[in-house]
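Reminder, nothing fancy here: chain letters follow the sequence lines and each chain counts from 1. For clarity, every value in this text was computed on a predicted model and none was experimentally measured.
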Number of protein chains: 2
Amino acid sequence: MPIGLRLSRAAKSVSRAFDDALAGAGGSLPVWLILISLKSRDLHNQRELADVVGIREATLTHHLNAMDARGLVTRRRDPGNRRIHLVELTEEGEAVFGQLRGAAMAFDQRLRRDLSDSDIADLERLLSRLQSNVADDDPR
Amino acid sequence: MPIGLRLSRAAKSVSRAFDDALAGAGGSLPVWLILISLKSRDLHNQRELADVVGIREATLTHHLNAMDARGLVTRRRDPGNRRIHLVELTEEGEAVFGQLRGAAMAFDQRLRRDLSDSDIADLERLLSRLQSNVADDDPR
DNA sequence: TATTGTTATACTCTATAACTATA
DNA sequence: TATAGTTATAGAGTATAACAATA
C-alpha cells in the first residue's frame, strides 16, 4: 500500500479520536492549536500565529471571531503599532486551555500505550522525514 | 510535544501535498479512495464501500453523485437484489483512475525519498500501533 | 505604497435525520 | 419490519478576493 495512503488512514483515525477528545473537553483541533500557540510561543502578529497553526490569516480571523464570541480571547490594538491586534486569553480562555491540555495529555497517554521511548523517537524522526520530503510542495 | 500533535502536523502537511498532487491529476482524496476501492476490492454494496473509505453512506452518495455527474461512474440496480446499486467505472472513470494512480505513485516515490525499506516497515508498524491504540474510540 | 487584519463569499468534506424503494 | 440507498439540511474547516485601517 502507498505510504501516503497508510499515513492518511492512520491520521484519519487518530485525528477523529483526538477531535472527539477535544470536543469532550469543550474545544476542537483549531481552537486547541490556537490556544497552545498563544501560550507557548512569543508571537508578534496574527500572520505568525496563522503560520504556526498552519492556516490562512482569514481562516484564523474566522476562528478568533468564534473564540471571541465564546469569551476565550480578546483582541486589542498594539499601542506601538496600531495595525497589530494583540490576542490575549481571557480567564475563561485560560480555563478552557487547561481543560483541553488535560484532554490532550490523557489522549497522548492512550496513544503512547505499548510504545517505548525509542519507538516514539523513531516515529518522530520518520514523520519529520515525510514532512520534509513534501515540504517544497507545501508552502502554505 | 504530544505525539498526537506531531502526527496531526505531519499528516496535515502530507495530506495537503497529496491533495495538491491528486488535484493536479483531476481528482481529490475521496475520489481516489473510492476509485481505488472499487478497483481493488470485491465490494457487495455501498455500505461496504463507505466503510472501506471511512465515511458514512450518505457522504458516499454525495461523492458518487458528483462522480456520476462527471461521468466517472454509473450505478445500476443489481438484478438479483434490486435494493443494491452496482457501482461501475465508466471508460472515463478508468482513465481518471489511471491518472490518479500515476500521481499517487509519483507522490509515493517523493514521500519515500531517503527512506529505507526498514524505515517504511517501522513506520507502518508504528502507525498501526497508534491506530489500534485509539481504535476503541473510533468506531466510525 | 506596504503591512495588518477583517469581511464577504464560497467550496469541500462530513454528518444526522427523514425519506423511498425493495425485500 | 429490515435493508439499501438517497435527499434534505446543516455544520466545521478552509480558502480567495476585496476591503479598511494604519504605517
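- Among C:dG5, C:dC13, D:dT14, the nucleotide with an atom closest to any side-chain atom of A:Ile84 is C:dG5.
- Side-chain atoms of B:Ser116 come within 3.5 Å of backbone atoms of B:Asp119 as a donor-acceptor pair (strictly under, hydrogens ignored).
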Ignoring hydrogens and angles, write down the donor-acceptor pairs under 3.5 Å from the side chains of residues 94-102 of chain A, residues two or more places apart or on other chains.
residue	atom	partner	partner atom	Å
A:Glu94	OE1	A:Lys39	NZ	2.7
A:Glu94	OE2	A:Lys39	NZ	3.4

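- Phosphate proximity of C:dG5 to A:Asn65: absent, as no side-chain N or O sits under 4.0 Å from OP1 or OP2.
- At a threshold of 4.5 Å between non-hydrogen side-chain atoms, the residues A:Leu33 and B:Leu5 count as touching.
- Regarding B:Asp51, its CG atom lies at a distance of 14 Å from the C1' atom of D:dG5, rounded to whole Å.
- At least one side-chain nitrogen or oxygen of A:His63 sits closer than 4.0 Å to the OP1 or OP2 atom of D:dT14.
- No side-chain heavy atom of A:Ile3 sits under 4.5 Å from any side-chain heavy atom of B:Leu115.
- Between A:Arg16 and C:dA15 there is a side-chain N or O to OP1 or OP2 distance below 4.0 Å.
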Polar atom pairs (N or O), protein with nucleotides 17-22 of chain D, under 3.5 Å:
residue	atom	partner	partner atom	Å
D:dT22	OP1	A:Arg82	NH2	3.3

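- For the pair B:Arg76 CZ and D:dT6 C1', the interatomic distance rounds to 19 Å; values are reported in whole Å.
- Side chain of A:Arg82 to main chain of A:Arg77: no donor-acceptor pair is present (N/O by atom type, distance under 3.5 Å, no hydrogens or angles).
- Side chain of A:Ser8 to backbone of A:Gly4: no donor-acceptor contact under 3.5 angstrom is found.
- Base engagement by A:Glu57 is indicated by at least one non-hydrogen atom pair under 4.0 Å involving a base atom.
- Atom CG of B:Asp20 is separated from atom C1' of D:dT14 by 13 Å (rounded to the nearest Å).
- Map A:Ile55 and A:Gly80 each onto its nearest nucleotide of DNA chain D; the residue landing nearer the 5' end is A:Ile55.
- Checked by atom type and distance alone, the side chain of B:Asp108 never pairs as donor or acceptor with a backbone atom of B:Leu111 at under 3.5 Å.
- A close approach under 4.0 Å does not occur between any side-chain nitrogen or oxygen of B:His62 and OP1 or OP2 of D:dA8.
- Under 4.0 angstrom from either OP1 or OP2 of C:dT3 there lies no side-chain N or O belonging to A:Gln46.
- Computed from coordinates, the A:Arg75 CZ to C:dG5 P distance equals 10 Å when rounded to whole Å.
- For A:Leu60 and D:dT14, the CG to P distance is 10 Å, given to the nearest whole Å.
- Proximity of A:Thr59 to the phosphate of D:dT14: no side-chain N or O atom is located under 4.0 Å from OP1 or OP2.
- Atom P of nucleotide C:dT3 and atom NE2 of A:His85 are separated by 17 Å, given to the nearest angstrom.
- Put simply, the side chain of A:Asn133 gets close to the backbone of B:Arg113: a donor and an acceptor are under 3.5 Å apart.
- Residues from residues 25-44 of chain B that place a heavy atom under 4.0 Å from any atom of DNA chain C, listed by number: B:Ser28, B:Pro30.
- A straight line from CE of A:Met67 to C1' of C:dG5 spans 17 Å, rounded to a whole angstrom.
- At C:dT3, none of the side-chain N or O atoms of A:Arg47 fall inside 4.0 Å of OP1 or OP2 (strictly under the cut-off).
- Separating the CG atom of B:Asn45 from the C1' atom of C:dT22 is a distance of 14 Å, rounded to the nearest angstrom.
- Between B:Arg16 and B:Asp20 there is no salt bridge, since none of the side-chain N atoms of the basic residue sits less than 4.0 Å from a carboxylate O of the acidic one.
- A salt bridge does not link A:Asp114 to B:Arg129: none of the charged nitrogens lies less than 4.0 Å from a carboxylate oxygen.
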